[in-house]
Amino acid sequence: MLGFKALIFDVDGTLADTEGDGHRVAFNAAFVEVGLDWHWDPVLYGELLAVAGGKERIRYYMDRAGISLDAAETFVADLHAAKTRHYLSMLREGRIPLRVGVMRLLREAREAGIRLAVATTTTPENVVELLDHAGEPGLSSWFEVIAAGDQVPNKKPAPDIFVSALSELGLGPEDAVAIEDSDNGAQSALAAGIRALLVTVNDYTIGQDFGAAPLVVDALGGPEQPARALVGELDDPPWVDLARLDRLHRDVWAAS
Ligand code: XBP
Ligand code: MG
């Protein structure tokens, strides 16, 4: 009998490496479409990722570049809508695969009756299209709750989106395990009271400060690609499975 009831997944950087080859490319395509001479290369984009949210990131870039515009809010909203169109078409072309181990862990969780949810900064439509094109058809229907984007007033690192996901599940933070990739996301889950937190880093987030996250790995991994623990340990098997998440959950709540 597992000690937790739900797995709450972050999306960008966790379910898939969507930032560098996905969102960034879509932003640049939108800039060209609307005739802007802006270009976000991978290094600059890494800096801009300090801010969660696509609209917020455009504003952050404008502030940094000293760009001020009349009707900036409309401009940002329209530019972000153009970016989202480009991003959605990339997802529908199947250009963004799920990270190693994600589909395996989702199947394990489903077979074990663990409830599945998402807590993300991106839009709900982006989540559904990613899951249904990168994973098994209809994979998005496996998720009971998709808490996303502007449904909450404050984006990560604020706890709002995880609090919202828990409330839609009708569960407390002690009932869940969260999986994140970034410092903003880890802070958000921990601030929502979710102590059983796994972080799967990626090229943009390795080296960030994940606070009290008890287990940090380079990927969920699997038989085809063993994972490596950066904080905490992975013994046998050398990848993240339900049993490892159950031990993580027991360890953090046993103390209380
Ligand atoms: C990470 C984000 C998102 C994306 C861009 O989301 O900060 O804003 O970078 O997506 P997650 P939008 O919480 O899943 O890691 O442009 O749709 O905001
Ligand atoms: Mg993320």
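Start at 1 and go down the list; that is how both ligands and their atoms are numbered. When a residue number appears, it is its place in the shown sequence, counting from 1.
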What orientation do Y204 and Y45 show, parallel under 30°, tilted 30 to 60°, or perpendicular over 60°? perpendicular
Search all heavy atoms of I114 against all heavy atoms of F4 and return the closest pair with its distance. CD1-O, 3.3 Å
On the 0 to 90° scale, with breaks at 30° and 60°, tag the F31-W38 ring pair as parallel, tilted or perpendicular. perpendicular
State the atom name: nearest N, O or S atom of D10 to the Mg ion (ligand 2). OD2
What is the nearest protein non-hydrogen atom to atom 18 (O) of ligand 1, stated with its residue, atom name and distance? G54 N, 2.8 Å
Quick check with a 6.0 Å cut-off and a 45 degree axis cone: is R64 positioned over the face of Y60's six-membered ring? yes
Near the Mg ion (ligand 2), is there an N/O/S atom from D181 that is less than 2.8 Å away? yes
Are V127 and L139 connected, step by step, through hydrophobic side chains (Ile, Leu, Val, Met, Phe, Trp, Tyr) whose heavy atoms are closer than 4.5 Å? yes
For K5, look at atom NZ and say whether over 12 heavy atoms of other residues, nucleotides or ligands are found less than 6.0 Å away. no
Which of the ligand 1 atoms, numbered from 1, are nearer than 4.0 Å to a heavy atom of E19: 1 (C), 2 (C), 4 (C), 9 (O)
Answer with yes or no whether S182 contacts ligand 1, where contact means a heavy atom under 4.0 Å from a ligand atom. no
Numbered in order shown, the ligand 1 atoms found under 4.0 Å of a heavy atom of K83 are 5 (C), 10 (O), 12 (P), 16 (O), 17 (O)
Can you list the atoms of ligand 1 that are under 4.0 Å from a heavy atom of D10? 11 (P), 13 (O), 14 (O), 15 (O)
If we number the atoms of ligand 1 from 1 as shown, the ones under 4.0 Å from a heavy atom of A52 are 7 (O)
Below the 3.5 angstrom mark, is there an N/O of E180, backbone or side chain, next to an N/O of ligand 1? no
Under 3.5 Å between some N or O of ligand 1 and some N or O of K55? no
Just let me know how T120 lines up against ligand 1, side chain, backbone, both or neither, with a heavy-atom cut-off below 4.0 Å. both
Residue-level breakdown please: for K155 versus ligand 1, do any non-hydrogen atoms fall below 4.0 Å on the side chain, on the backbone, on both, or on neither? neither
Restricting to N/O/S, name the atom of D12 that gets closest to the Mg ion (ligand 2). O
What atoms of ligand 1 come within less than 4.0 Å of a heavy atom belonging to N126? 17 (O)
Ligand 1 atoms in contact with V11 (distance to a heavy atom under 4.0 Å): 14 (O)
Quick check on R57 - does any of its heavy atoms sit under 4.0 Å from an atom of ligand 1? yes
Among non-hydrogen protein atoms, atom 17 (O) of ligand 1 lies closest to T122 OG1, 2.6 Å
Which atoms from ligand 1 have a heavy atom of K156 less than 4.0 Å away? 11 (P), 13 (O)
Please work out which of the three classes, parallel, tilted or perpendicular, describes the rings of F143 and F9, given edges at 30° and 60°. perpendicular
As an exercise, state the distance from CD of E47 to OH of Y61, rounded to the nearest 0.5 Å. 11.5 Å
How far is atom 6 (O) of ligand 1 from its nearest protein heavy atom, and which residue and atom is that? D12 OD2, 3.0 Å
Is it the side chain, the backbone, both or neither of E56 that has a heavy atom closer than 4.0 Å to ligand 1? neither
Tell me whether ligand 1 is touched by H80 - counting only heavy atoms on the residue side and a distance under 4.0 Å. yes
Which atoms of ligand 1 sit under 4.0 Å from any heavy atom of G53? 2 (C), 7 (O), 8 (O), 18 (O)
